[in-house]
Amino acid sequence: MLSFDITDRHIRIIRGTEANNKIKVSAAATIDLEEGLIVNGHIKDIPKIATIINEELKNKKMADKEAVISISSNLVIFKELHIPKAKGAQLLSMVQNQMQHTMGIADDYSISYTIAGEIEEDGVAALKILATACPFEVVDCFRKVFSMLGIGLRSVAVACNTISRLIISDPKMKAKMPMLLVQIDPNFVSLNLYENNQLTFSRFASIDAVDYDNSEDYIYEAVTENISRMFQFQRSRNPEDPIKNVVFYGDTTEYIRLTNALESLDITTSLLGVPNNIGGYENFEFQAYANAIGAMLRSNKDSERINLIETDATSGRSAAGASFVVTVAVAAIASIALVAGITLGANVVKSQYEDDTATIQAWLDSPETAQKTAAVDTAQAKLDKVNSFRSSLEEAKGYFDSLPVFTTEVKSTIEENFKGTDAEILSYTFANGEITLQCRADDNQTPAKVVTNFVEQDAFSNITYTGYNSMSAQDSAKEVYDFTIFVQIKEVVPEEVPEETTEEAE
């Protein structure tokens, strides 16, 4: 499986296996991104990011069919909630509703949570919840990228939750709590507070030299400032149990200076070490890939729901989730109607049963009734066969009418995406509703432009681009770039004929 830790300026990738809460890493890679491709976790050029990732996976021979993602963004909202005790989908629904109510956010956020402990309010036990709300469009960007790559996306989670899996799985960390875990990056600082072997608070702050008068020491200044805020926060909420340990990871070039500054406050510092359940890390820097490694560990659904894809589906946002919610709703309505009908019918029958039982039974036992019943059963069986055959014919006709067809109009729609570019279509292949385009371009930026045209056109589904291959043209020494695009023709949904039209036709 592949695991990605994605920030605005870096994509860190590991390939490994997970079994029995142990991870074996077999390969690692880092992609440095130019500024502006990803902003606050939001991908601005989806085809280009897909191309960049695809090329790196090819170069490092890290192909795989499934992936998980850890994301970082200052658009993510963190909130501590107190929720009545509940489990599963009911608890998730309560968290989502309270986040929307207390934070004033709409349903365009993907919401996840971890249970940070239990409290008592007015004599009633409740759960202390650390909830995260991430804009749905941020999560959806990654869905689109990995759809283009042809890689199944199993999980998208906020980085504070993925690193927490790693921290909580390491018994050595529990002795250091309350503990502050600090990830340092030239573009952000991420701080996670742990108490009683649970994540209880998280803070993510984007940083820039401009905010510190273009100081060369802006990273050091930003880290010390944010750590100081967390110390004050902990003293205000739990003065009897202040932070005594700070653990750093990420860009730790300022570790010595930070240690000297914190030791004067009687704070013990250390670097994030490698847990015993992680192996195969000898050939890469563990701290740089800690979030990606944590994303590979299985979550405990009794204490957390951090997979934003899963929580979206449960709340009905995805197609799968919507189907689930509709099915449950229909089942509930049907059950209510059935119970109501049975109750009403039972009351009516009961009032007449005592007087009419003997008469009805005698009629049921008569030969005449038995003969009529047999005739009705025979006729009903024939009618059922006719109706079944009719339904099969209508279903077959519906399937046939909805089959995608590669028409000249479809061909013209495809060719529109190549106009104004130096790309050409070498061949078409059509099978089972999918069109395979073998293409060639003179510039290596053209394939991504063409794919962007397809995405913006919104005339096809399941658009997949697998990258380009460079080669020398036959008639000259110049380089040309061959690439393949797969698109699915959208199925035709037959329109229902209005009743008025049917009557007129008759």
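For clarity, every value in this text was computed on a predicted model and none was experimentally measured.
- Contact check for Leu2 versus Glu66: no side-chain heavy atoms found under the 4.5 Å cut-off.
- A donor-acceptor pair under 3.5 Å links the side-chain atoms of Asn260 to the main chain of Ile256, judged by distance alone.
- Using a 4.5 Å heavy-atom cutoff, the side chains of Leu81 and Thr102 are in contact.
- Taking each heavy atom of Pro178 and Gln234 in turn, the nearest pair found is CB-NE2, 4.3 Å.
- Between Cys160 and Leu199, the shortest heavy-atom distance links the atoms O-CD2, 3.9 Å.
- Taking the six-membered ring for Trp, Phe201 and Phe233 have ring centres closer than 6.0 Å.
- Salt-bridge check for Glu195 with Arg237: passed, with a basic side-chain N closer than 4.0 Å to an acidic carboxylate O.
- A centroid separation of less than 6.0 Å is found between the aromatic rings of Phe4 and Phe146.
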Which is it for Asn192 and Gln183 under the side-chain hydrogen bond (donor to acceptor under 3.5 Å, both in side chains) test, yes or no, and what are the steps along the way? CA-CA 9 Å; Asn192 295 322; Gln183 180 185 5; over 6 Å; no

Would Ser215 and Glu221 satisfy side-chain hydrogen bond (donor to acceptor under 3.5 Å, both in side chains), going step by step from the backbone distance to the final call? CA-CA 9 Å; Ser215 169; Glu221 294 174 20; 3.0 Å; yes

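- Ring pair Tyr109/Phe136: centre-to-centre distance not below 6.0 Å.
- Side chains of Asn161 and Glu304: no donor on one and acceptor on the other come within 3.5 Å.
- Remark: Arg257 pairs with Asp217, Glu254 by the side-chain hydrogen bond (donor to acceptor under 3.5 Å, both in side chains) rule, at least two apart or across chains.
- Considering only heavy atoms from C-beta on, Pro84 stays 4.5 Å or farther from Val124 through its side chain.
- Ring centroid separation for the pair Tyr468 and Phe483 does not come in under the 6.0 Å cut-off.
- Of the possible polar contacts, one joining the Asn300 side chain to the Asp302 backbone as a donor-acceptor pair under 3.5 Å is found.
- In plain terms, the two heavy atoms of Leu297 and Glu18 that are nearest each other are CA-CG, 4.4 Å.
- Heavy-atom minimum distance, Asn40 versus Asp8: N-OD2, 2.8 Å.
- The neighbour count for Lys301 NZ, taken as heavy atoms of other residues, nucleotides or ligands under 6.0 Å away, does not exceed 12.
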Start with the C-alpha distance between Thr162 and Asn291, add both sets of side-chain angles, then the distance that settles side-chain hydrogen bond (donor to acceptor under 3.5 Å, both in side chains), and finish with yes or no. CA-CA 6 Å; Thr162 61; Asn291 290 344; 4.6 Å; no

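- For Lys174, the NZ atom sits in a loose shell: 12 or fewer heavy atoms of surrounding residues, nucleotides or ligands are nearer than 6.0 Å.
- Defined by atom type and a distance below 3.5 Å, a donor-acceptor pair is present between the side-chain atoms of Ser112 and Thr132.
- Atom NZ of Lys172 sits in a crowded spot, with more than 12 heavy atoms from other residues, nucleotides or ligands closer than 6.0 Å.
- In this structure, a donor-acceptor pair under 3.5 Å is absent between the side chains of Arg298 and Asn21.
- Remark: Ser461 engages no residue in a side-chain hydrogen bond (donor to acceptor under 3.5 Å, both in side chains) (not counting sequence neighbours).
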